[in-house]
Amino acid sequence: MSKLIFGCGYLGSRVAQRWRDAAQAVYIVTRSAAKAREFERDGYLPIVGDVLRPESLAGLPAAESVLYAIGYDRAAGVSRHVLYVDGLRAALDALPAATGKFLYVSSTGVYGQSHDEWVDELSPCEPLREGGKACLAAEHVLAAHPLGRRAVVLRMAGLYGPGRIPNAGAIQRGERVGVAERGYLNLIHVEDAADVVLAAERHAQPPRTYVVSDGHPVERRVYYDELARLLGAPPPQFSSPAADSPAASRAESSKRIKNARLVAELHVPLGFPSFRQGLAAIVAAESASGA
(Lines give C-alpha, C1' and ligand atoms only; values in the text may rest on other atoms or scores of the structure.)
Protein backbone atom coordinates (compact mmCIF):
# COMPACT_ATOMS: atom_id res chain seq x y z
CA MET A 1 0.00 0.00 0.00
CA SER A 2 1.33 3.43 -0.90
CA LYS A 3 0.89 6.91 0.55
CA LEU A 4 1.49 10.30 -1.02
CA ILE A 5 2.26 13.56 0.78
CA PHE A 6 2.13 17.14 -0.45
CA GLY A 7 3.73 19.29 2.23
CA CYS A 8 6.16 17.24 4.33
CA GLY A 9 6.83 19.92 6.92
CA TYR A 10 6.19 20.25 10.65
CA LEU A 11 3.10 18.03 10.57
CA GLY A 12 3.58 16.13 7.32
CA SER A 13 7.01 14.83 8.30
CA ARG A 14 5.57 13.19 11.40
CA VAL A 15 2.82 11.49 9.41
CA ALA A 16 5.41 10.36 6.86
CA GLN A 17 7.54 8.80 9.59
CA ARG A 18 4.58 6.92 11.04
CA TRP A 19 3.65 5.53 7.62
CA ARG A 20 7.25 4.60 6.82
CA ASP A 21 7.70 2.88 10.18
CA ALA A 22 4.57 0.84 9.41
CA ALA A 23 6.34 -0.45 6.25
CA GLN A 24 4.26 1.66 3.86
CA ALA A 25 5.67 3.05 0.62
CA VAL A 26 5.62 6.82 1.14
CA TYR A 27 5.87 9.17 -1.84
CA ILE A 28 6.68 12.81 -1.04
CA VAL A 29 6.24 15.69 -3.47
CA THR A 30 8.91 18.36 -3.03
CA ARG A 31 10.02 21.35 -5.06
CA SER A 32 13.66 20.84 -4.14
CA ALA A 33 16.00 18.32 -5.76
CA ALA A 34 18.30 18.59 -2.72
CA LYS A 35 15.41 17.86 -0.40
CA ALA A 36 14.42 14.94 -2.61
CA ARG A 37 17.83 13.40 -2.05
CA GLU A 38 17.40 13.78 1.71
CA PHE A 39 14.00 12.11 1.56
CA GLU A 40 15.45 9.24 -0.44
CA ARG A 41 18.21 8.72 2.13
CA ASP A 42 15.53 8.56 4.82
CA GLY A 43 13.69 5.77 3.06
CA TYR A 44 11.02 7.74 1.20
CA LEU A 45 10.12 7.91 -2.48
CA PRO A 46 10.55 11.54 -3.53
CA ILE A 47 8.87 13.20 -6.48
CA VAL A 48 10.21 16.56 -7.62
CA GLY A 49 7.18 18.65 -8.41
CA ASP A 50 5.50 21.93 -7.60
CA VAL A 51 1.77 22.55 -7.24
CA LEU A 52 2.36 26.00 -8.74
CA ARG A 53 3.73 24.33 -11.87
CA PRO A 54 1.03 21.84 -12.88
CA GLU A 55 3.14 20.40 -15.70
CA SER A 56 5.64 19.15 -13.09
CA LEU A 57 3.01 16.88 -11.49
CA ALA A 58 2.61 14.47 -14.40
CA GLY A 59 2.76 10.79 -13.54
CA LEU A 60 1.76 10.89 -9.87
CA PRO A 61 1.11 7.43 -8.38
CA ALA A 62 -2.37 6.21 -7.49
CA ALA A 63 -1.87 6.18 -3.73
CA GLU A 64 -4.20 4.54 -1.24
CA SER A 65 -4.08 7.73 0.88
CA VAL A 66 -3.01 11.28 0.09
CA LEU A 67 -2.11 13.87 2.72
CA TYR A 68 -2.25 17.45 1.50
CA ALA A 69 -0.59 19.64 4.14
CA ILE A 70 1.04 22.48 2.22
CA GLY A 71 1.58 25.54 4.38
CA TYR A 72 2.13 29.09 3.27
CA ASP A 73 5.67 29.95 2.22
CA ARG A 74 6.34 33.64 1.75
CA ALA A 75 9.43 32.75 -0.24
CA ALA A 76 7.19 31.32 -2.96
CA GLY A 77 6.33 34.89 -3.95
CA VAL A 78 2.59 34.26 -4.39
CA SER A 79 -0.51 35.02 -2.37
CA ARG A 80 -2.13 32.56 -0.02
CA HIS A 81 -5.06 32.31 -2.42
CA VAL A 82 -2.83 31.30 -5.31
CA LEU A 83 -0.95 28.74 -3.24
CA TYR A 84 -3.90 27.26 -1.35
CA VAL A 85 -6.57 27.40 -4.04
CA ASP A 86 -4.77 27.17 -7.38
CA GLY A 87 -2.15 24.82 -5.96
CA LEU A 88 -4.76 22.45 -4.56
CA ARG A 89 -6.69 22.49 -7.84
CA ALA A 90 -3.52 21.58 -9.75
CA ALA A 91 -2.76 18.70 -7.39
CA LEU A 92 -6.30 17.34 -7.58
CA ASP A 93 -6.32 17.48 -11.36
CA ALA A 94 -2.95 15.69 -11.51
CA LEU A 95 -3.92 12.80 -9.24
CA PRO A 96 -5.08 9.55 -10.90
CA ALA A 97 -8.76 8.71 -10.74
CA ALA A 98 -7.88 5.60 -8.72
CA THR A 99 -6.54 7.72 -5.84
CA GLY A 100 -7.96 6.65 -2.48
CA LYS A 101 -8.76 8.78 0.56
CA PHE A 102 -7.73 12.46 0.36
CA LEU A 103 -6.76 14.03 3.70
CA TYR A 104 -6.77 17.82 3.44
CA VAL A 105 -5.25 19.96 6.19
CA SER A 106 -7.23 23.17 6.51
CA SER A 107 -7.43 25.64 9.40
CA THR A 108 -9.83 26.81 12.09
CA GLY A 109 -9.09 30.21 10.56
CA VAL A 110 -12.12 29.52 8.35
CA TYR A 111 -14.20 30.66 11.35
CA GLY A 112 -14.44 34.36 12.10
CA GLN A 113 -16.23 34.34 15.45
CA SER A 114 -14.90 37.01 17.80
CA HIS A 115 -17.00 36.92 20.97
CA ASP A 116 -15.66 33.76 22.64
CA GLU A 117 -18.36 31.59 21.02
CA TRP A 118 -18.08 27.80 21.02
CA VAL A 119 -17.44 26.61 17.47
CA ASP A 120 -17.73 23.21 15.81
CA GLU A 121 -18.03 21.76 12.32
CA LEU A 122 -21.58 23.10 11.90
CA SER A 123 -20.75 26.68 12.84
CA PRO A 124 -20.88 29.30 10.08
CA CYS A 125 -17.62 29.99 8.27
CA GLU A 126 -17.08 33.72 7.83
CA PRO A 127 -13.30 34.16 7.92
CA LEU A 128 -11.81 37.57 8.59
CA ARG A 129 -8.18 36.97 7.63
CA GLU A 130 -6.61 36.26 4.25
CA GLY A 131 -5.42 32.80 5.30
CA GLY A 132 -8.85 31.72 6.52
CA LYS A 133 -10.51 33.01 3.35
CA ALA A 134 -8.00 31.11 1.20
CA CYS A 135 -8.47 27.90 3.21
CA LEU A 136 -12.25 28.11 2.87
CA ALA A 137 -12.00 28.75 -0.87
CA ALA A 138 -9.70 25.71 -1.16
CA GLU A 139 -12.22 23.58 0.75
CA HIS A 140 -14.85 24.61 -1.82
CA VAL A 141 -12.53 23.59 -4.66
CA LEU A 142 -12.05 20.20 -3.02
CA ALA A 143 -15.78 19.69 -2.45
CA ALA A 144 -16.51 20.41 -6.12
CA HIS A 145 -13.84 17.99 -7.42
CA PRO A 146 -14.56 14.28 -8.00
CA LEU A 147 -11.97 13.43 -5.33
CA GLY A 148 -14.02 15.50 -2.89
CA ARG A 149 -16.27 12.48 -2.41
CA ARG A 150 -13.25 10.72 -0.86
CA ALA A 151 -11.99 13.69 1.12
CA VAL A 152 -11.59 14.30 4.83
CA VAL A 153 -11.06 17.94 5.78
CA LEU A 154 -9.06 18.51 8.96
CA ARG A 155 -9.41 22.07 10.22
CA MET A 156 -6.37 22.38 12.45
CA ALA A 157 -6.21 24.65 15.48
CA GLY A 158 -2.87 26.21 16.32
CA LEU A 159 -0.09 23.64 16.01
CA TYR A 160 2.56 23.71 18.70
CA GLY A 161 5.30 21.35 19.79
CA PRO A 162 9.09 21.02 19.96
CA GLY A 163 10.70 24.05 18.38
CA ARG A 164 7.38 25.81 17.98
CA ILE A 165 6.38 27.78 21.09
CA PRO A 166 5.90 31.37 19.95
CA ASN A 167 7.48 34.06 22.15
CA ALA A 168 9.17 31.56 24.46
CA GLY A 169 12.50 33.34 24.11
CA ALA A 170 11.02 36.73 24.90
CA ILE A 171 9.19 35.35 27.93
CA GLN A 172 12.38 33.76 29.23
CA ARG A 173 14.27 37.03 28.82
CA GLY A 174 11.55 38.98 30.61
CA GLU A 175 10.73 41.03 27.53
CA ARG A 176 7.31 42.31 26.62
CA VAL A 177 5.45 40.20 24.07
CA GLY A 178 3.55 41.93 21.30
CA VAL A 179 0.34 39.92 21.49
CA ALA A 180 -3.14 40.65 22.75
CA GLU A 181 -3.57 39.71 26.40
CA ARG A 182 -7.22 38.76 26.04
CA GLY A 183 -8.94 36.28 23.74
CA TYR A 184 -8.81 32.51 23.43
CA LEU A 185 -6.15 30.26 21.94
CA ASN A 186 -7.14 26.90 20.46
CA LEU A 187 -4.26 24.46 20.23
CA ILE A 188 -3.26 20.94 19.24
CA HIS A 189 0.13 19.37 19.91
CA VAL A 190 1.79 18.36 16.64
CA GLU A 191 2.19 14.72 17.74
CA ASP A 192 -1.52 14.51 18.53
CA ALA A 193 -2.31 16.17 15.20
CA ALA A 194 -0.31 13.47 13.40
CA ASP A 195 -2.25 10.81 15.32
CA VAL A 196 -5.49 12.48 14.22
CA VAL A 197 -4.41 12.32 10.57
CA LEU A 198 -3.83 8.58 10.85
CA ALA A 199 -7.09 8.06 12.74
CA ALA A 200 -8.95 9.98 10.02
CA GLU A 201 -7.34 7.74 7.43
CA ARG A 202 -8.55 4.65 9.31
CA HIS A 203 -11.95 5.68 10.62
CA ALA A 204 -13.41 8.72 8.82
CA GLN A 205 -16.20 8.11 6.33
CA PRO A 206 -15.78 10.72 3.60
CA PRO A 207 -16.80 13.26 2.74
CA ARG A 208 -16.34 14.47 6.32
CA THR A 209 -14.96 17.51 8.13
CA TYR A 210 -13.36 17.68 11.57
CA VAL A 211 -12.09 20.51 13.70
CA VAL A 212 -8.82 19.33 15.23
CA SER A 213 -8.15 20.79 18.66
CA ASP A 214 -7.40 19.47 22.12
CA GLY A 215 -10.82 20.78 23.14
CA HIS A 216 -9.43 22.96 25.95
CA PRO A 217 -9.33 26.58 24.77
CA VAL A 218 -7.17 28.82 26.92
CA GLU A 219 -7.06 32.56 27.37
CA ARG A 220 -3.83 34.05 26.13
CA ARG A 221 -2.97 35.51 29.53
CA VAL A 222 -3.36 32.11 31.21
CA TYR A 223 -1.29 30.43 28.50
CA TYR A 224 1.62 32.85 28.83
CA ASP A 225 1.44 32.80 32.64
CA GLU A 226 1.90 29.02 32.54
CA LEU A 227 4.70 29.25 30.01
CA ALA A 228 6.54 31.76 32.18
CA ARG A 229 6.09 29.55 35.24
CA LEU A 230 7.53 26.52 33.43
CA LEU A 231 10.47 28.56 32.18
CA GLY A 232 11.17 30.00 35.61
CA ALA A 233 10.66 33.47 34.17
CA PRO A 234 8.90 36.51 35.66
CA PRO A 235 5.19 36.98 34.91
CA PRO A 236 4.70 38.00 31.28
CA GLN A 237 4.20 41.59 30.22
CA PHE A 238 2.20 42.45 27.13
CA SER A 239 2.25 45.25 24.60
CA SER A 240 -0.26 45.93 21.89
CA PRO A 241 0.75 44.29 18.61
CA ALA A 242 1.48 46.52 15.65
CA ALA A 243 -1.73 47.35 13.83
CA ASP A 244 -0.57 45.74 10.58
CA SER A 245 0.94 42.62 12.19
CA PRO A 246 -0.39 39.03 12.04
CA ALA A 247 -0.74 39.14 15.84
CA ALA A 248 -3.13 42.08 15.55
CA SER A 249 -5.31 40.33 12.99
CA ARG A 250 -5.35 37.17 15.13
CA ALA A 251 -6.50 39.24 18.08
CA GLU A 252 -9.65 40.20 16.18
CA SER A 253 -10.86 36.61 16.48
CA SER A 254 -11.68 34.89 19.76
CA LYS A 255 -13.52 31.60 19.67
CA ARG A 256 -13.53 28.30 21.52
CA ILE A 257 -13.21 25.12 19.47
CA LYS A 258 -15.30 22.11 20.45
CA ASN A 259 -13.79 18.76 19.36
CA ALA A 260 -16.75 16.49 20.19
CA ARG A 261 -17.03 15.03 16.67
CA LEU A 262 -13.34 14.14 16.59
CA VAL A 263 -13.56 12.42 19.97
CA ALA A 264 -16.73 10.51 19.11
CA GLU A 265 -15.78 9.34 15.62
CA LEU A 266 -11.99 9.08 15.44
CA HIS A 267 -11.31 7.67 18.93
CA VAL A 268 -7.93 9.38 19.28
CA PRO A 269 -6.43 9.25 22.79
CA LEU A 270 -4.61 12.58 22.95
CA GLY A 271 -1.16 12.36 24.47
CA PHE A 272 -1.39 16.04 25.41
CA PRO A 273 -5.05 16.70 26.30
CA SER A 274 -4.39 20.36 27.11
CA PHE A 275 -1.68 22.97 26.65
CA ARG A 276 -0.48 22.39 30.22
CA GLN A 277 0.72 18.83 29.53
CA GLY A 278 2.09 19.82 26.15
CA LEU A 279 4.10 22.81 27.34
CA ALA A 280 5.42 20.92 30.37
CA ALA A 281 6.70 18.06 28.18
CA ILE A 282 8.36 20.41 25.67
CA VAL A 283 10.06 22.57 28.30
CA ALA A 284 11.26 19.49 30.21
CA ALA A 285 12.68 17.89 27.06
CA GLU A 286 14.45 21.08 25.98
CA SER A 287 15.86 21.57 29.47
CA ALA A 288 17.18 18.01 29.52
CA SER A 289 18.84 18.47 26.12
CA GLY A 290 20.30 21.84 26.99
CA ALA A 291 18.36 23.57 24.20
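Keep in mind that the numbers below use all heavy atoms, side chains included, and drop hydrogens, waters and symmetry copies.
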Taking C-beta and beyond as the side chain, do [X] and [Y] meet within less than 4.5 Å on heavy atoms?
X      : Y      : answer
Ser254 : Ser114 : no
Ile47  : Pro61  : yes
Phe238 : Val179 : yes
Ile282 : Tyr160 : yes
Val66  : Leu103 : no
Trp19  : Leu67  : yes
Val211 : Arg261 : no
Val197 : Met156 : yes

Just how far is it from atom [atom1] of [X] to atom [atom2] of [Y], taken to the nearest 0.5 Å?
X      : Y      : atom1 : atom2 : answer
Arg150 : Ser65  : CZ    : OG    : 11.5 Å
Tyr184 : Trp118 : OH    : CH2   : 8.0 Å
Leu262 : His203 : CG    : NE2   : 11.0 Å
Ile70  : Arg31  : CD1   : CZ    : 8.5 Å
His216 : Leu185 : NE2   : CG    : 15.0 Å
Asp192 : Leu270 : CG    : CG    : 4.5 Å

Parallel, tilted or perpendicular for Phe272 and His189, by the 30°/60° rule? parallel
Indicate the ring-plane relationship of Tyr223 and Phe275, choosing parallel, tilted or perpendicular according to the 30° and 60° boundaries. tilted
With side-chain contact (heavy atoms from CB on, under 4.5 Å) as the criterion, how do Val29 and Leu60 come out once you've worked through the C-alpha distance, each side chain's angles and the decisive distance to 0.1 Å? CA-CA 9 Å; Val29 177; Leu60 294 177; 4.2 Å; yes
Heavy atoms of other groups near [X] [atom1], more than 12 under 6.0 Å:
X      : atom1 : value
His115 : NE2   : no
Gln205 : CD    : no
Glu40  : CD    : no

Between [X] and [Y], is there a shared hydrophobic cluster once you connect ILVMFWY residues whose side-chain heavy atoms come closer than 4.5 Å?
X      : Y      : answer
Leu88  : Val153 : yes
Leu136 : Tyr72  : no
Val177 : Leu230 : yes
Leu142 : Val110 : no
Val190 : Leu154 : yes

If every non-hydrogen atom of [X] is compared with every non-hydrogen atom of [Y], which pair is closest and at what distance?
X      : Y      : answer
Pro234 : Ala228 : O-CB, 3.5 Å
Val105 : Ala69  : CG2-CB, 3.9 Å
Val152 : Ala204 : CG2-CB, 3.7 Å
Ala138 : Tyr84  : CB-O, 3.6 Å
Leu231 : Ala168 : CD1-O, 3.7 Å

[X] with [Y]: basic N within carboxylate O range, under 4.0 Å:
X      : Y      : answer
Arg221 : Asp225 : yes
Glu181 : Arg220 : no
Arg256 : Glu117 : no
Glu201 : Lys3   : yes
Glu226 : Arg276 : yes
Glu121 : Arg208 : no

From CA spacing to verdict: salt bridge (Lys or Arg N to Asp or Glu O under 4.0 Å), Glu191, Arg14: CA-CA 7 Å; Glu191 299 294 346; Arg14 287 167 166 83; 2.9 Å; yes
Go through it in stages, so that I can follow the logic: the residues are Glu38 and Lys35, the test is salt bridge (Lys or Arg N to Asp or Glu O under 4.0 Å), and I'd like the CA-CA distance, side-chain angles, deciding distance and then a yes or no. CA-CA 5 Å; Glu38 291 180 22; Lys35 193 68 176 177; 3.5 Å; yes
Please answer whether the main-chain N or O of [Y] pairs with a side-chain N or O of [X] as donor and acceptor at a distance below 3.5 Å.
X      : Y      : answer
Asn186 : Lys255 : yes
Ser289 : Ala285 : yes
Gln172 : Gly169 : no
Tyr111 : Asp120 : yes
Ser253 : Gly112 : no
Arg20  : Asp42  : yes
Asn259 : Ser213 : yes
Arg53  : Gly49  : no
Asp214 : Ile188 : no
Ser287 : Val283 : no

Let me see the working for Tyr27 and Ile5 under side-chain contact (heavy atoms from CB on, under 4.5 Å), right down to the final yes or no. CA-CA 6 Å; Tyr27 294 88; Ile5 297 179; over 6 Å; no
Does Tyr210 have Arg155 sitting over its ring (NZ/CZ under 6.0 Å from centre, angle to axis within 45°)? no
Tell me which pairs pass ring-ring contact (aromatic ring centres under 6.0 Å, His included) where either residue lies in residues 129-159, with sequence neighbours left out. none
What's the verdict on salt bridge (Lys or Arg N to Asp or Glu O under 4.0 Å) for Asp21 and Arg18, showing C-alpha distance, side-chain angles and the deciding distance? CA-CA 5 Å; Asp21 292 349; Arg18 285 160 165 77; over 6 Å; no
What's the verdict on side-chain contact (heavy atoms from CB on, under 4.5 Å) for Tyr68 and Leu4, showing C-alpha distance, side-chain angles and the deciding distance? CA-CA 8 Å; Tyr68 194 93; Leu4 175 64; over 6 Å; no
What do the steps show when you test Ser106 against Glu139 for side chain to side chain donor-acceptor pair (under 3.5 Å), and what is the final call? CA-CA 8 Å; Ser106 185; Glu139 287 187 19; 2.7 Å; yes
Can Gln17 and Tyr44 be said to form a side-chain contact (heavy atoms from CB on, under 4.5 Å), step by step? CA-CA 9 Å; Gln17 183 176 348; Tyr44 301 112; 3.9 Å; yes
For Tyr224 and Asn167, test the side chains for any donor-to-acceptor distance below 3.5 angstrom and give the result as yes or no. yes
